[in-house]
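Below is one structure, written out as structure tokens, with a few remarks after it.
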Amino acid sequence: MPASNASAPSTEIYREKIWPAWWLWILVVGTGFAGMAMFLPVNLGLSIVVGIVVFLAVGIIMLASTPTISLTDEWLKVGRASIERKFIGDVSSFHGDEASLERGRRLNGTAFLCLRGWVDPVVKMEVIDPNDATPYWLASTRRPEELVHALQQTARA
């Protein structure tokens, strides 16, 4: 029999995996061929094995470092970082030149960043926790308007 004071788990409102761009896989394959080429003068069989190992290692590292943005009614998680939803203030999305300015000249050095160079849009989320010196979070996202909408909806709830 479940305990009567147990709280129900939060349901996920928004989820996005920031997968690597397709063209990055060309670089992964190229890295495998480079590993293979380094050992080709030594031994053909060894060079093939090294090429496959390098390709798999770089591919696994790239997939393992793929961040996820997850939002529930209580928590926002971006990559390995998380913050209680109640500490997120104003949110806004930026595209193109505006996104470049947010990632560059307008960037506060104490902001939390989860940026991926192959994703243009970013969402800026103000941190309103008085005990947190981080002014805002800036995250790359392929669906900025959807993330902003989800954050605004949970703020009203």
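Keep in mind the model is a prediction, meaning the values are calculated, not measured. All residue numbers refer to positions in the sequence shown, counting from 1.
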| remark: Shortest non-hydrogen pair, V148 vs S92, comes out as CG2-C, 4.0 Å
| note | For T141 and I18 the tightest heavy-atom approach is CA-CD1, 4.0 Å
Within this structure, what is the [atom1]-[atom2] distance for the pair [X] and [Y], rounded to the nearest 0.5 Å?
X	Y	atom1	atom2	answer
T31	M36	OG1	CE	14.0 Å
W75	I13	CH2	CD1	14.0 Å
L71	L147	CG	CG	7.0 Å
K86	D73	NZ	CG	12.5 Å

| task | Using the rule that two of Ile, Leu, Val, Met, Phe, Trp, Tyr join whenever any of their side-chain heavy atoms come within less than 4.5 Å, decide whether V127 and V78 are in one cluster. | result |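 Yes, V127 and V78 fall within the same hydrophobic cluster.
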| For the hydrophobic clusters of this structure (ILVMFWY residues joined by side-chain heavy atoms under 4.5 Å, transitively), does one cluster hold both V91 and Y14? |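 Yes.
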| query | Does anything in residues 13-22 pair up under salt bridge (Lys or Arg N to Asp or Glu O under 4.0 Å), and if so which pairs, sequence neighbours excluded? | reply |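 For residues 13-22: E12-R15.
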| task | Name all pairs fulfilling the salt bridge (Lys or Arg N to Asp or Glu O under 4.0 Å) condition that reach into residues 131-151, sequence neighbours left out, sorted by first residue then second. | result |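 The answer is R143-E146.
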| query | Donor-acceptor pair, R85 side chain versus L151 backbone, under 3.5 Å? | reply |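 Yes; at least one donor-acceptor contact below 3.5 Å.
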Listing, residues 113-126 side-chain donor-acceptor contacts under 3.5 Å, not counting sequence neighbours, or none:
| from | atom 1 | to | atom 2 | distance (Å) |
| --- | --- | --- | --- | --- |
| R116 | NH2 | S65 | O | 3.2 |
| W118 | NE1 | W19 | O | 3.1 |
| D120 | OD2 | G96 | N | 2.8 |
| K124 | NZ | E102 | OE1 | 3.2 |
| E126 | OE1 | D90 | N | 3.0 |

| field | Partner set under ring-ring contact (aromatic ring centres under 6.0 Å, His included) for F39, not counting sequence neighbours | value |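 Listed in chain order: nothing, the list is empty.
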| task | Give the other cluster members for I128, using side-chain heavy-atom distances under 4.5 Å between Ile, Leu, Val, Met, Phe, Trp and Tyr residues; answer none if it is isolated. | result | none
| said: Using a 4.5 Å cut-off between side-chain heavy atoms of Ile, Leu, Val, Met, Phe, Trp and Tyr, which other residues end up in the same hydrophobic cluster as I61? | reply: none
| request: Return the set of residues passing side chain to side chain donor-acceptor pair (under 3.5 Å) with N108 (not counting sequence neighbours), or none when no residue passes. | output: T110
Which pairs of donor and acceptor atoms, one on a side chain in residues 46-57, lie under 3.5 Å apart (sequence neighbours left out)?
| from | atom 1 | to | atom 2 | distance (Å) |
| --- | --- | --- | --- | --- |
| S47 | OG | N43 | O | 3.4 |
| S47 | OG | L44 | O | 2.7 |

| request: Can you tell me which residue pairs pass the ring-ring contact (aromatic ring centres under 6.0 Å, His included) test with a partner in residues 76-115, sequence neighbours excluded? | output: F112-W137
| task | For M38, enumerate each residue passing the side chain to side chain contact (heavy atoms under 4.5 Å, CB included) test, keeping only those at least two apart in sequence or located in another chain. | result | none
| message | The criterion is side chain to side chain contact (heavy atoms under 4.5 Å, CB included); which residues satisfy it with W25, sequence neighbours excluded? | response |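 P20, V28, M62, L63.
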